[in-house]
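Whatever order the structure lists ligands and atoms in, that order sets their numbers, starting from 1. Numbers here simply count residues along the sequence, with the first being 1.
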Amino acid sequence: MSAADSRVALISGASRGLGLAIAELLLADGWSVAALSRSRPETLDAMQDRWPGNVHWVKADVAQDDMRAQVRAVTDRFGRLDVLVNNAGVLHQELFLTTSERRIDELFATNLVGPTRLAQACARRMSRGGGGSILNVSSINSIRGFRGVTPYSAAKAGLDGLTRSAARELGPLGIRVNSIVPGYFESSMTAQVTDENRTRITHRTPLGRLGTTEEVAEIAAFLVSDRAAFITGQTITVDGGLTC
Ligand SMILES: NC(=O)c1ccc[n+]([C@@H]2O[C@H](COP(=O)([O-])OP(=O)(O)OC[C@H]3O[C@@H](n4cnc5c(N)ncnc54)[C@H](OP(=O)(O)O)[C@@H]3O)[C@@H](O)[C@H]2O)c1
């Protein structure tokens, strides 16, 4: 499929980890991808060589920048927008009683406020283009309590609330909205997990290991595709059974 005919996904946090894995899967499937992040994706040149014309990097900070301008930049480049994968996120582990107000603001800005603005900017564009699909990347911290991640958990739970209500409002416009709720998977985010906690997580997970970015990306790619055309407003857990 030529770049001009392909469907277009905007993926936030596509410079590494899960976002990058989703970008590579969609590109291999013939999509065009706008990869949004603060730093240049490590594999940008290789991706542009492999899929010429289908890859565009959007340099932006979801916590600070005007998301409407970023979405305009994507549609100026590709002429359409079919999918948002609202994946950018940050985790900071610290006990609630000692977390600074500045840190709380940063966690909410990156994990909830920015993604809400990005979802709105994309939904407005999708409503003019006849529909689309939004996938919010949440976390099992939104559905189970864990020590040391209180503001992060609250922000991710907020994202799931956005999913359900936006699905009600946007369904009649042909826009589906879902959340994927990953358990622990290997990435730079979980590189911070101590060996002791890693052992604890592994023991509590029925499948006995952390997931991989590819395993979570497969479900994300399914949820944004037409194969999931009748799924909206849902939170789909991919956690090796940790929360069952
Ligand atoms: N890893 C896990 O076990 C796990 C479990 C459950 C949920 N999740 C969620 O899954 C998503 C991806 O996590 P990951 O493990 O792949 O993380 P990661 O490897 O740390 O990647 C995070 C991505 O988000 C981008 N990002 C962070 N802050 C940003 C900002 N302010 N503006 C724009 N981009 C920003 C980063 O790019 P730059 O730094 O270049 O901006 C990077 O591309 C996150 O939402 C995370 O909360 C992860």
Side-chain angles (χ1 to χ4, degrees), residues 10-25 33-44 47 57-67 69-71 73 84-93 103 105-119 121 134-144 146 148-149 151-160 162-163 179-194 197-198 200-202 204-205 209-217 219-220 223 235-240 242-243:
L10 168 56
I11 305 175
S12 70
S15 61
R16 59 178 184 273
L18 178 61
L20 180 59
I22 297 170
E24 290 181 334
L25 261 187
V33 166
L36 185 153
S37 56
R38 295 166 301 179
S39 60
R40 195 172 191 279
E42 291 150 17
T43 58
L44 187 68
M47 287 199 296
W57 176 43
V58 181
K59 179 177 168 51
D61 183 335
V62 292
Q64 292 186 8
D65 293 332
D66 177 359
M67 290 298 110
Q70 314 312 320
V71 172
L84 166 66
V85 181
N86 219 349
N87 164 77
V90 283
L91 171 65
H92 173 78
Q93 300 194 55
R103 182 70 79 182
D105 290 349
E106 179 201 322
L107 285 164
F108 275 94
T110 307
N111 293 310
L112 182 59
V113 180
T116 302
R117 289 183 176 149
L118 183 55
I134 295 173
L135 182 66
N136 296 314
V137 178
S138 177
S139 163
I140 53 167
N141 294 289
S142 74
I143 55 173
R144 290 284 187 284
F146 291 86
V149 290
Y152 175 81
S153 304
K156 291 294 192 183
L159 211 49
D160 293 344
L162 181 151
T163 291
S179 283
I180 191 167
V181 178
Y184 296 91
F185 58 85
E186 303 284 1
S187 74
S188 55
M189 192 176 275
T190 41
Q192 310 162 28
V193 174
T194 61
N197 279 341
R198 189 172 283 263
R200 193 176 304 144
I201 291 162
T202 305
R204 287 172 57 189
T205 303
R209 61 177 175 84
L210 273 66
T212 66
T213 52
E214 289 76 14
E215 287 167 332
V216 183
I219 309 304
L223 285 170
T235 54
I236 311 290
T237 305
V238 185
D239 70 350
L242 180 55
T243 57

May I ask you to identify the nearest protein heavy atom to atom 34 (N) of ligand 1, giving residue, atom name and distance to one decimal place in Å?
A88 CB, 3.6 Å
Pick one of side chain, backbone, both or neither for how V90 approaches ligand 1, counting any non-hydrogen atom pair under 4.0 Å.
side chain
of all protein heavy atoms, closest to atom 37 (O) of ligand 1 is S15 OG, 3.0 Å
Nearest to atom 12 (C) of ligand 1, what protein heavy atom do you find, and at what distance?
N87 OD1, 3.2 Å
Nearest neighbour in protein (non-hydrogen) for atom 31 (N) of ligand 1
D61 OD1, 2.8 Å
Show which atoms of ligand 1 fall inside a sub-4.0 Å distance from at least one heavy-atom site of S39.
38 (P), 40 (O), 41 (O)
Checking heavy-atom distances from atom 18 (P) of ligand 1 to each of S188, G114, G17, the winner is S188
Taking the side chain as every heavy atom from C-beta outward, state whether Y184 and I140 have any atom pair closer than 4.5 Å.
yes
Looking only at distance, does L36 have an N or O less than 3.5 Å from an N or O of ligand 1?
no
Check whether any N or O atom of R38, backbone or side chain, sits under 3.5 Å from an N or O atom of ligand 1, and answer yes or no.
yes
Sub-3.5 Å N/O-N/O distance, K156 and ligand 1:
yes
Any chance the side chains of W57 and S37 put a donor and an acceptor closer than 3.5 Å?
yes
Residue, atom and distance of the protein heavy atom nearest atom 7 (C) of ligand 1 read S138 O, 3.2 Å
Has ligand 1 got any nitrogen or oxygen that is less than 3.5 angstrom from a nitrogen or oxygen of Y152?
yes
T235 and I143, any side-chain heavy atoms less than 4.5 Å apart
no
Between E215 (side chain only) and T212 (backbone N and O only), is there a donor and an acceptor less than 3.5 Å apart?
yes
Please work out, at 4.0 Å between heavy atoms, whether the side chain, the backbone, both, or neither of T110 comes within that distance of ligand 1.
side chain
Does the N or O separation between L18 and ligand 1 drop below 3.5 Å for any pair?
yes
Judged by modelled atom types alone, do N87 and S12 share a side-chain donor-acceptor pair under 3.5 Å?
no
For ligand 1, does E186 get within less than 4.0 Å through its side chain, its backbone, both, or neither, judged by non-hydrogen atoms?
neither
Have a look at A14, A21, G183, A191 and point out the one with the heavy atom closest to atom 5 (C) of ligand 1.
G183
Checking the side chain of N136 only, and the main-chain atoms of S138 only, is there a donor and an acceptor separated by less than 3.5 Å?
no
Would you say P41 touches ligand 1, if touching means a heavy atom closer than 4.0 Å?
no
Any atoms of ligand 1 less than 4.0 Å from a non-hydrogen atom of Y184? List them with their elements.
3 (O)
Give a yes or no on whether the backbone of V137 and the side-chain of K156 come within a donor-acceptor separation of less than 3.5 Å.
yes
R209 bridged to E186 by N-O distance under 4.0 Å:
no
Do me a favour and list the nearest non-hydrogen protein atom to atom 32 (N) of ligand 1 with residue, atom name and distance?
V62 N, 2.9 Å
So, does N197 use its side chain to make a donor-acceptor pair with the main chain of V193 at under 3.5 Å?
no
Please determine, by modelled atom types, if R16 and S187 share a side-chain donor-acceptor pair under 3.5 angstrom.
no
Taking atom 15 (O) of ligand 1 as the reference point, the nearest protein heavy atom with its distance
S187 OG, 2.5 Å
If you measure from CG on L242 to OG1 on T205, what distance do you get to the nearest 0.5 Å?
4.0 Å
What atoms in ligand 1 come closer than 4.0 Å to a heavy atom of T190?
1 (N), 2 (C), 3 (O)
Y152 side chain near N111 side chain, heavy-atom distance below 4.5 Å:
yes
Find the distance between CD (Q64) and OG1 (T110) and round it off to the nearest 0.5 Å.
8.5 Å
What residue and heavy atom of the protein are closest to atom 4 (C) of ligand 1, and at what distance?
F185 CE2, 3.3 Å
Hydrogens and angles aside, do S179 and T163 bring a side-chain donor and acceptor to less than 3.5 Å of each other?
yes
Distance filter under 4.0 Å to A60 heavy atoms, resulting ligand 1 atoms:
32 (N), 33 (C)
Has ligand 1 got any nitrogen or oxygen that is less than 3.5 angstrom from a nitrogen or oxygen of G13?
yes
